[in-house]
Amino acid sequence: MKFAKLRRWMVGLAAGLSVTGAQALPTAAPVTPTHDDTTIALTDANVVAIDGGAPIRNATVVVRDGKVVEVGPSASVAVPANAKVVPMEGRWLIPGLMNMHVHFGLILPGAQGAELANETQGEEALRMASNARKSLLAGVTTVRLTGETHGVDFGLRRAIQKGEVIGPRIKTAGEIIVPTGGHGFLEADGPYALAHAVREQIKQGADWIKIAISGGIADTHGAIAAAPMTDEELSTLIDVAHRNGIPVTAHNGSPQAAEQSLKYGIDCFEHGYYLTEANLKEMKAKGTWLVPTIVVTQPGAREFYKKIGSPDWYLARVDATGKEHWQMLQNAIRLGVNIGLGTDQFPFEPNDGTTATVAEAELYVKAGMTPLQALQAGTTQTAKMLKMENEAGRIKPGYFADIVAVDSDPTQNISALRSISFVMKNGVIYRDDSKGYMAQF
Ligand SMILES: [Zn+2]
């Protein structure tokens with residue numbers, strides 16, 4: 001296909017896609033985003049106090065070359081003469097949201113999954129690019145991918161960096177490494193094969209290593225609570241990753257597997273369905289992260305599972321897991337475990353009348369966090385988890401200009417996140433509902 005024709009086809013494809021759910025996204029003609037060398041002043045804004053304290057009212061934020069250069073009350077911030085002034089009309093600015101458990105290529109059991117059974121790698125890449133775009137437009141400016149296939153994630157990251165497609169900043173774990181029959185695709189058995197698999201992912205560009213040390217809800221065999229890896233296997237693969245400066249996260253619902261892997265210095269658990277109070281206390285003591293993905297097992301996800309045609313056995317497993325998962329989350333919050341917001345659904349997926357990312361934050365509040373803590377779980381905490389705390393997660397001079405606007409202060413009421421109407425990443429505006437603007441590519 002000639003380039004021009006391909007581009008027309010892709011633009012048409014994008015125009016045909018729309019994010020469903022409570023936030024109807026306006027569409028606009030394809031516009032090339034302004035380059036990141038422009039200077040933008042966001043005026044008439046309120047800036048949320050992401051580290052606590054008082055917000056900045058009637059604020060101006062100046063952005064240049066993709067970074068925040070100045071933030072303060074309008075009276076004390078001079079708008080540079082060459083700046084493009086974008087009035088925020090009293091909206092509240094928060095740091096761009098960061099979602100720590102995302103699969104852009106997610107395929108779940110059910111009718112929708114069956115339709116994708118013969119998906120080619122080309123189709124997979126385009127579908128992932130579309131999901132990346134929709135995630136960014138939903139206010140998620142950074143994602144950590146926790147398991148993709150065919151290396152598409154590495155290619156997508158490069159394409160986003162080059163400006164070929166739009167999407168969030170990507171940190172990725174590459175393929176999920178598992179023992180044969182485990183919850184993932186890259187199977188390896190024994191310490192040597194696992195060490196090789198870890199090194200292979202790092203060679204391709206993985207920022208994290210993701211392993212599965214227990215079963216999952218979508219598995220048709222093996223129990224969620226099983227711990228199928230040997231000590232030798234686990235200790236070796238964690239050691240090899242750490243020697244390369246790469247943290248390791250594990251899909252895990254099992255207390256036994258948690259205890260085993262904490263012994264070898266695992267950095268993070270995904271889901272944590274059945275983690276016990278003893279597990280959580282040890283995590284707190286060691287600073288181990290938890291990415292709860294609570295949205296997947298709670299009632300708000302029912303509609304989603306119906307939509308994708310999930311089989312009955314799957315729904316039964318979700319229900320059975322949901323109650324213990326919820327209790328585990330309440331315990332983790334009470335004990336002060338490090339929590340990074342992650343959904344395991346597309347960040348923009350409709351959930352409980354909003355997106356999965358926002359629903360996840362709301363559930364954290366319901367489970368015991370303050371609204372400020374829930375917002376931090378998706379901004380400052382996630383930045384810390386990614387070792388990006390000096391460059392992302394705050395609206396602060398020197399930080400990436402990743403900024404989202406909402407109608408009111410989410411540190412007072414977390415549901416303010418339902419009103420996302422403006423998205424900037426790296427100093428480029430991708431969405432501004434007040435101007436009817438929505439970037440296509
Ligand atoms: Zn997952």
Side-chain angles (χ1 to χ4, degrees), residues 98-110 112-113 116 124 127-128 131-132 135 140 142-150 152-153 156 168 170-179 181-187 201 206-220 222 224 226 247-254 257-258 261 266-275 289-298 300-301 304-305 308 310 314 317-318 321-322 325 328-329 339-349 351 355-357 359-360 363 377-378 382 385-386:
M98 304 169 85
N99 190 323
M100 296 296 101
H101 192 123
V102 176
H103 309 276
F104 282 146
L106 186 67
I107 297 178
L108 288 170
Q112 207 174 64
L116 296 170
E124 182 186 18
R127 186 167 62 86
M128 285 173 64
N131 288 331
S135 300
V140 176
T142 301
V143 294
R144 186 186 59 154
L145 300 178
T146 47
E148 301 291 356
T149 48
H150 309 124
V152 178
D153 45 334
L156 179 61
I170 291 179
K171 295 287 179 183
T172 184
E175 286 199 60
I176 305 174
I177 300 170
V178 293
H183 183 70
F185 292 107
L186 186 58
E187 295 180 331
Q201 292 306 301
D207 306 290
W208 280 71
I209 289 297
K210 165 94 180 276
I211 56 177
I213 58 174
S214 79
I217 295 180
D219 290 340
T220 49
I224 295 178
V248 180
T249 188
H251 162 102
N252 183 31
S254 153
S261 51
I266 191 115
D267 302 279
C268 181
F269 291 129
E270 310 298 313
H271 322 301
Y273 305 119
Y274 299 120
L275 295 185
W289 290 87
L290 172 68
V291 177
T293 73
I294 193 72
V295 278
V296 298
T297 61
Q298 301 309 303
F304 165 74
Y305 291 120
I308 65 166
S310 296
Y314 188 79
R317 283 188 88 156
V318 169
T321 313
H325 194 192
M328 183 285 301
L329 176 62
I339 290 176
L341 186 151
T343 54
D344 206 10
Q345 291 191 329
F346 297 131
F348 56 85
E349 187 72 52
N351 189 306
T355 64
T357 305
E360 180 83 14
L363 287 169
T382 37
M385 181 178 151
L386 297 178

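FYI, side chains are in, hydrogens and waters are out, and symmetry mates aren't considered; it's all heavy atoms of this structure. First listed ligand is number 1; within each ligand, the first listed atom is number 1.
Inclusion of His251 in the first shell of the Zn ion (ligand 1) is not supported: no N, O or S atom falls under 2.8 Å.
Side chains of Thr149 and Glu124: a donor-acceptor N/O pair is present below 3.5 angstrom, by distance only.
Not a single salt bridge (Lys or Arg N to Asp or Glu O under 4.0 Å) links Asp267 to another residue, sequence neighbours left out.
Sorting the N, O or S atoms of Asp344 by how far they are from the Zn ion (ligand 1) puts OD1 first. The nearest N/O/S atom of His103 to the Zn ion (ligand 1) is NE2.
A perpendicular orientation is assigned to the rings of His101 and His103, their planes being inclined by more than 60° (bins at 30° and 60°).
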Pair His251-His271, ring pair (Phe, Tyr, Trp, His ring centres under 6.0 Å): steps then yes or no:
CA-CA 7 Å; His251 162 102; His271 322 301; 4.7 Å; yes

